[in-house]
Novice: 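This structure is in structure tokens; I'll ask about it shortly.
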Amino acid sequence: QAVGASLGVFFGETIFVGLLSLTDGWPTTIAKGLFSENIDAIMGANGTFGASNGPFIAATGGPPGWRAAVILASWTVLFAGLAFWRFQRRDIQE
């Protein structure tokens with residue numbers, strides 16, 4: 001399930017970002033807060049992959065590594081908070 005959800009998010013986000021690139025104005029900035037651009041920035045800052053030899057590296061440039069780390073940490077805190085909230089509501093209480 002986790003692999004399927006990850007692939008679904010990856011391909012769904014790619015389609016969503018492609019549609020956002022066709023718009024004008026503030027909707028084009030939404031892509032800066034999503035996973036793919038920030039993961040590309042972290043992997044590029046890591047130095048493991050160059051601009052064209054990584055499997056998911058889209059392009060050179062992008063956000064700075066510190067901003068990408070903050071955005072990905074925010075997503076992690078949000079998902080962990082939602083998971084804990086959901087498990088507290090669903091699990092059997094003492």
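Model, not experiment: these values are computed from the prediction.
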Novice: So with a 6.0 Å cut-off around CZ of Phe84, is the heavy-atom count from everything else above 12?
Specialist: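 No, CZ of Phe84 has 12 or fewer neighbouring heavy atoms, counting only those of other groups under 6.0 Å.
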Novice: Consider only side-chain heavy atoms of I, L, V, M, F, W and Y, link residues closer than 4.5 Å, and tell whether Leu22 and Trp26 are in one cluster.
Specialist: no
Novice: Are Val9 and Leu72 connected, step by step, through hydrophobic side chains (Ile, Leu, Val, Met, Phe, Trp, Tyr) whose heavy atoms are closer than 4.5 Å?
Specialist: yes
Novice: Shortest non-hydrogen contact from Asp24 to Pro27?
Specialist: O-CD, 3.5 Å
Novice: Determine whether Ile30 and Phe16 make a side-chain contact, defined as any pair of heavy atoms from C-beta on separated by less than 4.5 Å.
Specialist: yes
Novice: Say whether Phe35 and Leu82 are linked into one hydrophobic cluster, either directly or through other cluster members, by side-chain heavy-atom distances under 4.5 angstrom.
Specialist: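 Cluster IDs for Phe35 and Leu82 match.
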Novice: Kindly determine whether Asn38 and Leu34 satisfy side chain to side chain contact (heavy atoms under 4.5 Å, CB included), including the steps that lead there.
Specialist: CA-CA 7 Å; Asn38 292 302; Leu34 298 177; 5.7 Å; no
Novice: With hydrophobic residues grouped by side-chain heavy-atom distances under 4.5 Å, do Phe79 and Val70 end up in a single group?
Specialist: no
Novice: Do Thr28 and Leu20 come within less than 4.5 Å of each other through their side chains, counting heavy atoms only?
Specialist: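 Of all side-chain heavy-atom pairs linking Leu20 with Thr28, none is under 4.5 Å.
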Novice: Indicate, with yes or no, if Ile71 and Val77 share a hydrophobic cluster defined by side-chain heavy-atom contacts under 4.5 Å among Ile, Leu, Val, Met, Phe, Trp and Tyr.
Specialist: no
Novice: Specify the closest pair of heavy atoms between Glu37 and Glu13, including all atoms of both residues, with the distance to one decimal.
Specialist: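 That would be N-OE2, 4.5 Å.
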Novice: Check for a donor-acceptor pair, side chain of Trp75 on one end and backbone N or O of Gly33 on the other, with a separation under 3.5 Å.
Specialist: yes
